[in-house]
Amino acid sequence: MTVPEGDGSAAAAPGEHAPVSPDWTCGSCGADWPCEVKRDRLLSEYGADRAMLSVYLGACLAAAAEDLRGRGSITLQERFFGWLPPRPKKE
């Protein structure tokens, strides 16, 4: 299974908060990935490019769904996308 960028392997830098498969936990803090620290980093890294952040998280969700078949898809969708702040409404 291929994990998108930052697969928690030996190549990941300490403190990277990369996912570790097949459990999809954070390699730094052990929380479910994306952990709170990684969420903040992703929002900062992607800034206003919400579409690209969604593409990245969607790829991660697809890989996680493969590894975590026993968990419900709604739970995984909430885990990967439920934390995103709502977009401001266009006027």
Side-chain angles (χ1 to χ4, degrees):
M1 193 233 44
T2 302
V3 177
E5 249 179 80
D7 65 352
S9 67
E16 182 66 25
H17 292 269
V20 177
S21 85
D23 297 327
W24 283 82
T25 55
C26 175
S28 296
C29 67
D32 284 347
W33 194 92
C35 64
E36 189 172 339
V37 171
K38 187 62 174 184
R39 291 173 181 183
D40 288 342
R41 288 182 182 174
L42 287 169
L43 287 174
S44 176
E45 178 183 338
Y46 283 91
D49 197 351
R50 183 73 171 263
M52 286 308 299
L53 175 56
S54 294
V55 168
Y56 173 69
L57 290 172
C60 292
L61 172 63
E66 201 174 297
D67 286 338
L68 302 171
R69 286 185 188 97
R71 298 193 187 180
S73 62
I74 293 173
T75 302
L76 285 178
Q77 286 176 1
E78 187 65 27
R79 178 173 161 181
F80 282 84
F81 289 99
W83 58 273
L84 290 171
R87 283 195 248 188
K89 294 182 180 180
K90 294 182 181 180
E91 295 180 24

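Not measured: the values here are computed from a predicted model.
Summarising the geometry of Ala63 relative to Trp24, their closest heavy-atom pair is CB-CZ2, 3.7 Å, with the distance given to 0.1 Å. The nearest pair of heavy atoms linking Asp23 to Arg79 is O-NH2, 4.0 Å. Taking every heavy atom of both residues into account, Asp67 and Ser21 meet most closely at OD2-CB, 3.4 Å. Among all heavy-atom pairs drawn from Arg41 and His17, the shortest one is NH1-CD2, 3.5 Å.
Leu53 and Phe81 fall within the same hydrophobic cluster, defined by Ile, Leu, Val, Met, Phe, Trp and Tyr side-chain heavy atoms under 4.5 Å apart, directly or through other members. Each of Leu61 and Val55 belongs to its own hydrophobic cluster when Ile, Leu, Val, Met, Phe, Trp and Tyr are linked at side-chain heavy-atom distances under 4.5 angstrom. Residues Leu76 and Trp83 fall within the same hydrophobic cluster, defined by Ile, Leu, Val, Met, Phe, Trp and Tyr side chains chained together at heavy-atom separations under 4.5 Å.
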If you apply the rule side-chain contact (heavy atoms from CB on, under 4.5 Å), what do you find for Leu68 with Thr75, and how did you get there? CA-CA 11 Å; Leu68 302 171; Thr75 302; over 6 Å; no
Report the C-alpha separation of Asp49 and Tyr56 in whole Å, then their side-chain angles, then the decisive distance to 0.1 Å, and conclude whether the side-chain contact (heavy atoms from CB on, under 4.5 Å) test is met. CA-CA 11 Å; Asp49 197 351; Tyr56 173 69; over 6 Å; no
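Taken from NZ in Lys38 to SG in Cys60, the straight-line distance is 8.5 Å, to the nearest 0.5 Å.
Here the side chains of Leu43 and Pro85 are in contact, with some heavy-atom distance below 4.5 Å.
Checked by atom type and distance alone, the side chain of Ser54 pairs as donor or acceptor with a backbone atom of Arg50 at under 3.5 Å.
Residues forming a side chain to side chain contact (heavy atoms under 4.5 Å, CB included) with Ala62 (at least two apart in sequence, or on another chain): none.
The aromatic rings of Trp33 and Phe80 sit tilted relative to each other, their planes meeting at an angle between 30° and 60°.
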